[in-house]
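So the structure is just underneath, and the comments pick up after that.
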Amino acid sequence: MTTLWDTTGSAVVKELAAQRRTGGAVLSGVALTLVVVADESRVAEAEEAATHAAEMHPCRVLVVVRRQIDAPVPRLDAEVVIGGRLGPGEAVVMRMYGRLALHAESVVLPLLAADAPVVAWWHAPAPEQLATDALSVVADRRITDSSLAEDPLAALRTRGQDYVPGDTDLAWTRSTSRRAPAAPGPRAWRPWRCAWTRTRRCGSPPTTAAAR
């Protein structure tokens with residue numbers, strides 16, 4: 001693992017490429033890029049779930065942690081890991097400060113694995129308008145959890161109103177006993193299953209009426 005303090009997105013890309021060459025890692029066969037957005041208090045849970053994902057399906061894991069958005073100076077600290085605590089593949093944990101935290105896509109986009117689908121998972125309150133969020137726009141699959149919001153019912157209504165194909169909300173999957181086994185909780189949840197399963201078992205899109 002290499003830690004880069006007060007770094008830039010291009011430096012992270014270079015370090016990832018250097019570690020891949022040094023360690024002999026190969027990117028071929030990557031099933032997806034998993035982008036995880038988490039609060040600092042939930043990073044451990046997010047990393048645990050991402051590690052399970054990497055063990056089951058080869059993927060590049062990008063963890064975005066927004067810290068001190070009101071910091072006067074933008075800053076990026078990053079951990080680049082290959083074959084370490086986040087599974088056998090490639091992983092980058094990025095902690096963003098200041099205005100950079102509001103524009104995480106500027107760092108994430110160059111790190112996406114080429115020609116692989118992107119799954120974005122918010123293990124934190126999701127953006128109010130998911131359809132226009134920059135990280136959401138680049139994702140083929142978007143996974144949220146309304147139960148993490150300050151007002152879960154209002155958040156679930158919002159997800160129902162702005163639903164587009166490719167959206168899954170874990171609170172919705174837990175809303176009935178029939179769906180609950182698909183998402184019992186953050187520790188037992190397997191994000192890659194929702195990423196690839198498009199049946200109702202993995203979470204039907206909440207309609208406005210259902211959200212109420």
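We number each residue from 1, following the sequence as shown. Not measured: the values here are computed from a predicted model.
When all heavy atoms of Val64 and Ala104 are compared, the pair lying nearest together is CG1-CB, 3.9 Å. Closest non-hydrogen pair, Ala50 versus Val36, comes out as CB-CG2, 4.5 Å. Minimum heavy-atom separation, Ala54 to Cys59: CA-SG, 3.8 Å. When all heavy atoms of Arg60 and Ala113 are compared, the closest pair comes out as NH1-N, 4.0 Å. Among all heavy-atom pairs drawn from Ala101 and Ile69, the shortest one is CB-CG1, 3.9 Å.
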Worked verdict on Val35 versus Val119 for side chain to side chain contact (heavy atoms under 4.5 Å, CB included): CA-CA 6 Å; Val35 181; Val119 176; over 6 Å; no

Begin from the C-alpha positions of Leu109 and Val138 and carry the test side chain to side chain contact (heavy atoms under 4.5 Å, CB included) through to its verdict. CA-CA 8 Å; Leu109 282 174; Val138 301; 3.4 Å; yes

For Arg142 and Thr168, what are the C-alpha separation, side-chain angles and deciding distance, and is it a side chain to side chain contact (heavy atoms under 4.5 Å, CB included)? CA-CA 6 Å; Arg142 294 156 296 280; Thr168 294; over 6 Å; no

How far apart are the C-alpha atoms of Ser147 and Asp145, what are their side-chain angles, what is the distance that settles it, and do they pass the side chain to side chain donor-acceptor pair (under 3.5 Å) test? CA-CA 5 Å; Ser147 68; Asp145 191 343; 2.6 Å; yes

Side chain to side chain contact (heavy atoms under 4.5 Å, CB included) between Val108 and Leu135: does it pass, once the steps are laid out? CA-CA 8 Å; Val108 170; Leu135 285 178; 4.0 Å; yes

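Side-chain atoms of Asp169 come within 3.5 Å of backbone N or O of Ala171 as a donor-acceptor pair. In terms of modelled atom types and a separation under 3.5 Å, the side chain of Asp140 and the main chain of Pro117 share no donor-acceptor contact.
Exactly one residue among Val13, Val12, Thr8 makes a side-chain contact (heavy atoms from CB on, under 4.5 Å) with Ser10. That residue is Thr8.
A distance of 6.0 Å separates CZ in Arg42 from NE2 in His123, rounded to the nearest 0.5 Å. Distance check, rounded to the nearest 0.5 Å: CD of Glu47 to NE2 of His52 gives 12.5 Å. Summarising the geometry, atom CZ belonging to Arg66 is positioned 9.5 Å from atom CG belonging to Leu100; distances are rounded to the nearest 0.5 Å. Within the model, atoms CG of Leu4 and CD of Glu79 stand 9.5 Å from one another, a figure rounded to the nearest 0.5 Å. If you take CD1 on Ile82 and CG on Leu16, they are separated by 5.0 Å, rounding to the nearest 0.5 Å. To the nearest 0.5 Å, atoms CG (Leu130) and CD (Gln161) are separated by 13.0 Å.
Looking at heavy atoms from C-beta onward, Met96 lies in side-chain contact with Val107 at the 4.5 angstrom threshold. Here the side chains of Arg159 and Thr144 are in contact, with some heavy-atom distance below 4.5 Å. Between Leu76 and Asp6 there is no side-chain heavy-atom pair separated by less than 4.5 Å. At a threshold of 4.5 Å between non-hydrogen side-chain atoms, the residues Leu62 and Thr33 count as touching. When side chains are defined from C-beta on, Thr158 counts as touching Asp162, because their heavy atoms get closer than 4.5 Å. By the 4.5 Å heavy-atom criterion applied to side chains, Thr2 and Gln19 are counted as neighbours. Side chains of Val63 and Val61 form a contact here, defined as non-hydrogen atoms less than 4.5 Å apart. A heavy-atom distance below 4.5 Å is not found between the side chains of Met1 and Val80.
In the hydrophobic clustering of this structure, Leu112 groups with Trp122; members are Ile, Leu, Val, Met, Phe, Trp, Tyr whose side-chain heavy atoms approach within less than 4.5 Å, directly or through other members. A chain of hydrophobic side-chain contacts below 4.5 Å, direct or via other Ile, Leu, Val, Met, Phe, Trp or Tyr residues, connects Val118 to Val92. Cluster annotation: Leu148 and Val43 are assigned to distinct hydrophobic clusters (Ile/Leu/Val/Met/Phe/Trp/Tyr, side-chain heavy-atom contacts under 4.5 Å, transitive).
Other residues, nucleotides and ligands place no more than 12 heavy atoms under 6.0 Å from the CD atom of Glu128. More than 12 non-hydrogen atoms from other residues, nucleotides or ligands lie less than 6.0 angstrom from CD of Glu55.
A cation-pi arrangement is present between Arg75 and Tyr97 under the rule of less than 6.0 angstrom and at most 45 degrees off the ring axis.
Taking a cutoff of 4.0 Å between a charged side-chain nitrogen and a carboxylate oxygen, Asp77 and Arg95 do not qualify as a salt bridge.
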